[in-house]
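Report on the structure given below.
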Amino acid sequence: MTPEPPNRGGAESEPDGALSDVLADRRAKLERLRAAGIEPFPPTFADAETVAAVRAAHADLSPGEETTAVHRVAGRISARRGQGKMAFFDLADRSGKLQLQARVNELGAERMAVLTGLDLGDLIGVEGTAFCSRSGELSLRVSDFQLNAKSLRPPPDKHHGLTDVETRYRRRELDLIANERAREIFITRARMIAAIRRYLDEHGFIEVETPILQPLYGGGMGRPFITHHNALGRDLYLRIATELYLKRLIVGGLERVYEIGKQFRNEGVDTTHNPEFTTIEYYEANADYLAVAARFEALVAHVAAAVGYTGPHDFSAPWRRETFAGAIAARTGIVLTDHPDRASLAAAMRGIGIEPKPTDSWPQLADELLSKRVEPTLIEPTLLLDYPLELSPLAKRHRSEPGLVERFEAYVDGMEIANAFSELNDPDDQRARFLEQERYKAEGDEEAQPHDEAFVVALEHGMPPTGGIGIGIDRLAMVFSGADSIREVVLFPAMRD
RNA sequence: GCCGCCGUAGCUCAGUCGGUAGAGCAGCGGACUUUUAAUCCGAAGCGCGUCGGUUCGAGCCCGACCGGCGGCACCA
């Protein structure tokens, strides 16, 4: 048999046995086709319609009804029934499946034998006449066909599909072939991103691209990946957020900017975290966090409509709103302002059965309370407003509440999907906040943000009042598709070797 | 990193009290002009994630490791 090519990227090594027999059979068939003068990998199949378009053109046919309409479609053979003088095939393209009927008196014995000799998984293009079968199935009676590409490996089971989770993630192409649900999720994700772009483009925002390889990371909490540039002879960080560069563009007068792109955080993997993930951040001059909240609500409602969302949530504005401190008080009875120091707050937490970590600072304890007792309860779309200053080194001090900042996070299904604030534009305050972060870092907080002096110098040139937000695209895709794991909405999620 | 569950044919799965591994689909040979998980006949295919241990004997028991899922920790 033909030697296997070198393995790469997750293809398992082949054992002897059934699979190698199957591979040998398919390769033998390939050679028979070539010997018969059939090119197994032709360059093109022009002018094909989608299956959905063919279906739309004949939506009202009744069982047994014939037409004279000729259609060309292209796709993968997903099922075959019968093999004698007449055979039926299911042809699948991205838009759906269509039945094909092949008859020897239509094609001739030789072409019929070629067609019925093809394998499940082979890619074909066909031309045929539309009709409706006795049982009401729209079908094409094949008058001509072309093998578009030979498949040399067996596809997943035509009935049970592919359910093994590991195989679905590692070999997403097989998941997409076998599972319509997988195709739907990624189409929904694409429509969602397109709708976000459309909305922002129509509201005066311009799309920009800022560095992924950065001399200094920043703009969020999180540990970075470190890489190395050979020619420059220095280490660089993969970005963890787009925030600081985008605000420099606001300083530069671009006024409304957004960026959609990957962020990278060197942290754990679970159902809501993948080490590389996609965000959209946008910044708007002369807006505060309340204006951002209103636009965010409008944006999500717009996206929900664009993807045809029919799930359990109502995304129409305004969303339910709570304050950070109010939400904690309502769930735990702990009033943060009654516990202004670490020891007092830690004692209060022990009183409700949470053992605080000895290394946590006051703001980290407050954050712990939030994530343990509040976040899981935020199922319906909710905005949580007005965070403690210490948790928010890039946000502007609250106009009326000392110790707080003008910030909100958006939650759905107990999951944070967005984080926004009135951006801090006082350069002296920003520098002081960075210095405070440096102190946390020196005390061992690995996620504290490094001091970015270039950013502060940019602020010294003057940044208008600005509202900004970062939205987790993957999590939003989970919400809109009903997926319960981020791996279901990331095409190739991170896996061990 | 810790805890629990899981890993049997290309795919989907069964495998009793430890006794030497099965089914459907796919594939192979054959029949079949309206099927819908097409049907029927025939032949074939896995030594059970890996390594080690207990045993006369291990897919079943024990240990380690690898991988997956879930939870905890961490984070968005």
| field | Residues which pass salt bridge (Lys or Arg N to Asp or Glu O under 4.0 Å) with A:Lys97, listed by chain and number, not counting sequence neighbours | value | none
| query | So A:Phe480 and A:Tyr309, would you call those rings parallel, tilted or perpendicular, with 30° and 60° as cut-offs? | reply | perpendicular
| Considering only the C1' atoms, how many Å lie between B:rG15 and B:rC72, rounded to the nearest integer? | 35 Å
| Roughly, in whole Å, what's the span from CD in A:Glu267 to P in B:rA76? | 7 Å
| query | Considering only side-chain heavy atoms of A:Lys357, which listed nucleotide, B:rC74, B:rA76, B:rC25, is closest? | reply | B:rC74
Contact list (N/O, under 3.5 angstrom) for nucleotides 69-71 of chain B vs protein:
{"residue": "B:rC69", "atom": "OP1", "partner": "A:Arg487", "partner atom": "NE", "Å": "3.3"}
{"residue": "B:rG70", "atom": "OP2", "partner": "A:Arg487", "partner atom": "NH1", "Å": "3.0"}

| task | Could you give the distance separating B:rC41 and B:rG49 at their C1' atoms, to the nearest angstrom? | result | 37 Å
| A:Arg168 has an atom CZ; how far is it from atom P of B:rC11, in whole Å? | 15 Å
| said: So A:Gly470, base contact, sugar-phosphate only, or nothing? Heavy-atom distance under 4.0 Å. | reply: nothing
| said: Counting only heavy atoms not in A:Arg320 (residues, nucleotides, ligands), do more than 12 fall under 6.0 Å from its CZ? | reply: yes
| message | Between B:rG27 and B:rG53, how many Å separate the two C1' atoms, rounded to a whole number? | response | 39 Å
| query | Say you pick atom C1' in B:rA26 and the same atom in B:rA37; how far apart are they, in whole Å? | reply | 12 Å
| Under 30°, 30 to 60°, or over 60°: which ring-plane class applies to A:Tyr282 and A:Phe205, parallel, tilted or perpendicular? | perpendicular
| task | Please give the nucleotide sitting opposite B:rC17 as a Watson-Crick or G-U wobble pair, both distances under 3.5 Å, or none. | result | none
| query | What residues form a salt bridge (Lys or Arg N to Asp or Glu O under 4.0 Å) with A:Arg81, not counting sequence neighbours? | reply | A:Asp90
| request: Decide yes or no for A:Phe186 and A:Leu491: does some side-chain heavy atom of the first lie under 4.5 Å from some side-chain heavy atom of the second? | output: yes
| remark: Judged by nearest nucleotide, the residue sitting upstream toward the 5' end of RNA chain B, A:Ala494 or A:Glu375, is A:Ala494
| query | OP1 or OP2 of B:rA73 less than 4.0 angstrom from a side-chain nitrogen or oxygen of A:Lys372, does that happen here? | reply | yes
| query | Between B:rC11 atom P and A:Arg170 atom CZ, what is the distance in whole Å? | reply | 14 Å
| request: With heavy atoms under 4.0 Å as the rule, sort A:Lys29 into base, sugar-phosphate or nothing. | output: sugar-phosphate
| query | Taking the side chain of A:Arg475 as its heavy atoms from C-beta onward, which of B:rA76, B:rG68, B:rG27 lies nearest to it? | reply | B:rA76
| task | Name the pairing partner of B:rG59, where a pair is Watson-Crick or G-U wobble with both distances under 3.5 Å, or state none. | result | none
| So, A:Glu368 and A:Arg373, do they make that salt bridge, N to O below 4.0 Å? | no
| Tell me: CD of A:Glu368 to P of B:rA76, nearest whole Å? | 13 Å
| message | Whole angstroms only, please: what is the CG-C1' distance between A:Leu162 and B:rA26? | response | 14 Å
| Would A:Glu166 and A:Arg170 pass as an ion pair if we require N to O under 4.0 Å? | yes
| Where protein sits on nucleotides 32-39 of chain B, one letter per nucleotide: B base, S sugar-phosphate only, - none, heavy atoms under 4.0 Å | BBBBBBB-
| Distance between the P atoms of B:rG29 and B:rU35, in whole angstroms? | 26 Å
| When you compare B:rU8 with B:rU55, how far apart are their C1' atoms, in angstrom units rounded to a whole number? | 22 Å
| query | How long is the line joining CZ of A:Phe89 and P of B:rA26, in whole Å? | reply | 13 Å
| Gap between atoms CG and P, on A:Leu23 and B:rA44 respectively (whole Å) | 21 Å
| task | Determine the interatomic distance between C1' on B:rG19 and the same-named atom on B:rC2; round to the nearest Å. | result | 39 Å
| query | If you look at every strand shown and take non-hydrogen atoms under 4.0 Å, does A:Met221 touch a base, only sugar-phosphate, or nothing? | reply | sugar-phosphate
| task | Please report, rounded to the nearest Å, how far the P atom of B:rA76 is from the CD1 atom of A:Ile486. | result | 13 Å
| request: Using the test salt bridge (Lys or Arg N to Asp or Glu O under 4.0 Å), find all partners of A:Arg183 that sit at least two apart in sequence or belong to another chain. | output: none
| field | Residues forming a ring-ring contact (aromatic ring centres under 6.0 Å, His included) with A:Phe145, sequence neighbours excluded | value | none
| field | Closest to side chain of A:Thr163, choosing from B:rA76, B:rG67, B:rU12 | value | B:rU12
| query | Does the pair A:Arg239/A:Glu259 count as a salt bridge with the N-to-O cut at 4.0 Å? | reply | yes
| request: Considering only atom P, compute the distance from B:rC48 to B:rG7 and round it to an integer number of Å. | output: 14 Å
